[in-house]
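As structure tokens, the structure follows; a few thoughts come after it.
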Protein chains: 2
Amino acid sequence: MKKKVTLKQIARELDVSIATVSKALRDSKEISEDTRDKVKAFAKLYHYRPNNIALSLKNRKTKTIGIIIPEIVHHFFSKVIKGIEEVANKKGYNVIIGLSNESFDKEVINMEMLANGSIDGFILSISKETMLQQDYHHFNETISQGMPIVMFDRIVNEIHCDKVIVDDLKGAKKAVIKLIENQCKHIAIITTKDYVNVGRLRTQGYIEALNDYDIESQSDLILKVDDKLMSEDYIDILEQEIMDLFHKNPEIDGVFAVNELYAITTMKVARKLGKQIPEQLQVIGFTDGVLSRHAMPSLTTVSQHGKKIGIVAAELLIEKLENEVEDEQVSTVVIETELIERESTK
Amino acid sequence: MKKKVTLKQIARELDVSIATVSKALRDSKEISEDTRDKVKAFAKLYHYRPNNIALSLKNRKTKTIGIIIPEIVHHFFSKVIKGIEEVANKKGYNVIIGLSNESFDKEVINMEMLANGSIDGFILSISKETMLQQDYHHFNETISQGMPIVMFDRIVNEIHCDKVIVDDLKGAKKAVIKLIENQCKHIAIITTKDYVNVGRLRTQGYIEALNDYDIESQSDLILKVDDKLMSEDYIDILEQEIMDLFHKNPEIDGVFAVNELYAITTMKVARKLGKQIPEQLQVIGFTDGVLSRHAMPSLTTVSQHGKKIGIVAAELLIEKLENEVEDEQVSTVVIETELIERESTK
DNA sequence: TACTAACACGAAAACGTTTATGTTGAGGAT
DNA sequence: ATCCTCAACATAAACGTTTTCGTGTTAGTA
């Protein structure tokens with residue numbers, strides 16, 4: 001087991017100083033061609049690679065991006081990571097991941113763990129608990145220490161940082177308009193409680209779309225599911241609630257669901273009730289994941305372009321990192337959604 | 001913007017030496033209670049946190065684990081990551097991720113990038129291209145430099161390192177036996193080309209199960225899909241191949257697919273052909289992802305326990321890291337699969 | 001001959017820690 | 001008065017780099 005070779009060892013072997021070795025390897029013209037070649041040959045032979053940690057310490061930058069997300073087993077988030085990773089890698093950055101598991105405490109701990117020199121900046125999406133508690137001190141502290149943050153998807157407006165979001169409202173509106181134009185007369189929405197930002201915005205888009213077409217929104221067509229309890233029989237409860245919705249409102253002929261799972265479950269319930277999709281019931285979901293693509297019938301959905309979000313977020317962050325401009329300027333980029341039509345609509 | 005405070009600054013402010021500050025914070029009894037309190041108060045006030053990079057350099061360990069996987073937008077891999085992260089976090093480790101995108105070159109580059117001091121050890125699953133090229137020099141080099149590696153799922157036996165695998169053969173066998181005992185008389189398998197380890201093993205399990213029940217395996221019931229081309233119309237091609245399989249062998253009444261996607265696609269084709277599931281055709285997949293759970297009908301599947309794999313892998317690695325025992329002992333842990341019965345079988 | 005310039009290299013500082021090894025002064029023992 | 005001990009702190013080395021600032025040698029110039 002040959003340990004990693006360092007400048008010092010090379011220097012000792014070749015009987016020159018550490019400085020000379022370093023300069024030779026970096027092609028400094030201060031060093032004679034002779035010595036340069038000798039050093040390089042030796043370095044190559046022993047697979048010398050500069051120690052990253054030492055470099056980080058010296059340069060006061062780690063070339064590493066920290067990502068904090070609530071959950072990784074999740075199509076949208078992993079798409080975002082993929083986007084981030086792609087950009088980061090291209091620019092010579094590494095990506096280090098912390099999971100909050102939707103917990104405030106874990107979010108804080110993870111951020112503190114990474115903020116102590118391990119990374120140059122954060123890309124993150126806020127946990128539900130944090131949204132609920134509205135305690136944002138950890139973000140402000142990080143920023144005030146000069147470490148840039150880029151928030152995506154689940155953001156909080158009060159924080160002064162770059163943001164990348166989806167046009168949730170507009171996306172939802174597009175979906176509902178599609179249903180309206182497809183002759184749906186009684187459109188329901190399956191959404192989350194209002195404290196979830198995206199749920200609220202999408203619900204708003206739903207209402208606006210109806211209003212635009214002079215349809216009055218009925219509160220009994222709006223099902224707000226509590227997604228706090230992520231219990232085992234969560235799906236069963238969800239299914240039951242949707243079942244109730246249909247029983248109470250048998251006239252429903254269109255459903256807009258604010259995520260894939262709600263949409264799929266809606267289709268499952270519809271099938272149990274013997275409703276044909278899309279003939280008797282049309283369904284549109286949000287988030288274009290595997291479920292939508294491979295469901296039967298495949299699901300018409302509002303795609304969020306997760307990877308694009310990751311790409312933009314990474315670009316924003318790296319831009320901030322590389323140009324040490326003291327501009328406290330922040331920007332919010334909105335990634336347009338796209339309606340992907342499949343078999344669950346006419 | 002107040003920059004991060006260091007020992008040096010505290011020392012200067014309090015007019016003591018850096019060493020005194022360091023010792024005071026670490027509760028060294030060498031320092032008078034008086035000074036200790038003063039230092040601690042000051043440190044607390046200014047949110048002093050030791051710089052991770054400096055510590056890493058000093059201790060020659062980073063408390064960070066490197067993960068290299070072929071793809072992150074993938075249920076199985078993200079489950080594994082979740083498991084790793086859980087253990088790592090509990091033991092004070094961070095997790096840094098590199099994606100190979102199934103490419104040999106990216107795998108090598110990523111490993112080199114991380115091996116230069118950024119991490120203490122690797123947990124990885126090999127890219128398809130690497131399996132194909134059978135060039136494993138980067139693994140051997142890493143190991144010979146004293147950096148431990150734990151491989152999971154897609155492993156290569158020649159490498160001397162800890163491994164965590166799934167009992168692919170046995171899992172497949174269990175599935176096929178289930179089909180046999182459910183009275184299927186003509187069982188097909190949809191698998192990958194043989195160079196994919198797991199595909200080969202699962203195929204072998206299929207054959208062994210049949211043999212155990214004195215059924216001769218027919219080559220025309222074994223569909224080996226080429227999954228190299230990940231093109232846009234990949235799914236269409238897959239669908240066509242499965243369609244052909246059914247056309248040529250209309251007697252098929254059971255299908256074992258080596259992954260979720262193949263299984264779902266099989267069900268889609270079956271539906272197009274008007275076959276009732278599970279009455280006329282029973283289907284079992286491998287890998288318990290969202291697709292299996294939420295498909296209609298939901299899919300009976302062989303669960304790989306991805307998270308468990310991650311947990312075990314992380315435990316093995318950290319064990320190696322913390323106990324600097326020079327035991328070149330390596331172990332291979334097999335995680336048992338589990339057959340999860342759902343609606344696609346009787 | 002004396003001065004200068006170019007060349008090729010070394011010494012040292014710096015990044016932020018921890019820790020082994022001094023150093024100093026006070027107090028107690030002889 | 002001398003020696004020793006101990007408390008309480010400082011110094012310095014080390015981790016592995018990069019880079020600034022010397023410094024000695026050689027060759028060229030006036």
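Every heavy atom of this structure was used, including side-chain atoms; hydrogens, water molecules and symmetry mates were not. Per chain, numbering begins at 1; letters A, B, ... match sequence-line order.
The ring pair (Phe, Tyr, Trp, His ring centres under 6.0 Å) pairs that include a residue from residues 3-49 of chain A are A:F42-A:Y46, where partners are two or more places apart or lie in different chains. Residues in residues 86-121 of chain B take part in these ring pair (Phe, Tyr, Trp, His ring centres under 6.0 Å) pairs, two or more places apart or across chains: B:F104-B:H138.
Here the range on DNA chain D touched by chain A, meaning any atom under 4.0 Å from one of its heavy atoms, is D:dC15 to D:dC21.
Legend: residues meeting ring-ring contact (aromatic ring centres under 6.0 Å, His included) with B:Y136, ordered by chain and number and at least two apart, are absent. Contacts of B:T35 classified as side-chain hydrogen bond (donor to acceptor under 3.5 Å, both in side chains), with partners at least two apart in sequence or in another chain: B:S32. Every residue two or more places apart in sequence or in another chain was checked for a side-chain hydrogen bond (donor to acceptor under 3.5 Å, both in side chains) with A:N59, and none qualifies. Partners of A:D27 by side-chain hydrogen bond (donor to acceptor under 3.5 Å, both in side chains), not counting sequence neighbours, listed by chain and number: A:K40.
Rounded to 10 degrees, the angle separating the terminal helix axes of the helix from C:dT1-D:dA30 to C:dT30-D:dA1, each built from five base pairs, is 90°.
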For this session: Summarise protein proximity over nucleotides 5-13 of chain C in one line of letters, 5' to 3': B for base, S for sugar-phosphate only, - for none, counting protein heavy atoms closer than 4.0 Å.
Result: ---BBBBB-
Using distance only, find each side-chain donor-acceptor pair of residues 62-74 of chain A under 3.5 Å and give its atom names and separation, not counting sequence neighbours.
unit_1, atom_1, unit_2, atom_2, d
A:T62, OG1, A:T64, N, 3.3
A:T62, OG1, A:S118, O, 3.3
A:T62, OG1, A:D120, N, 3.4
A:T62, OG1, A:D120, OD1, 3.0
A:T64, OG1, A:T62, O, 3.1
A:E71, OE1, B:K82, NZ, 3.3
A:E71, OE2, A:V73, N, 3.0
A:E71, OE2, B:K82, NZ, 3.2
A:H74, ND1, A:F76, N, 3.3

Return a table of donor-acceptor pairs under 3.5 angstrom between the side chains of residues 150-157 of chain A and protein atoms on other chains or two or more places apart.
unit_1, atom_1, unit_2, atom_2, d
A:R154, NH1, A:E102, OE1, 3.0
A:R154, NH1, A:I126, O, 2.8
A:R154, NH2, A:E102, OE2, 2.9

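DNA chain C lies under 4.0 Å from at least one heavy atom of each of the following residues of residues 37-57 of chain B: B:Y48, B:R49, B:P50, B:N51, B:A54, B:L55.
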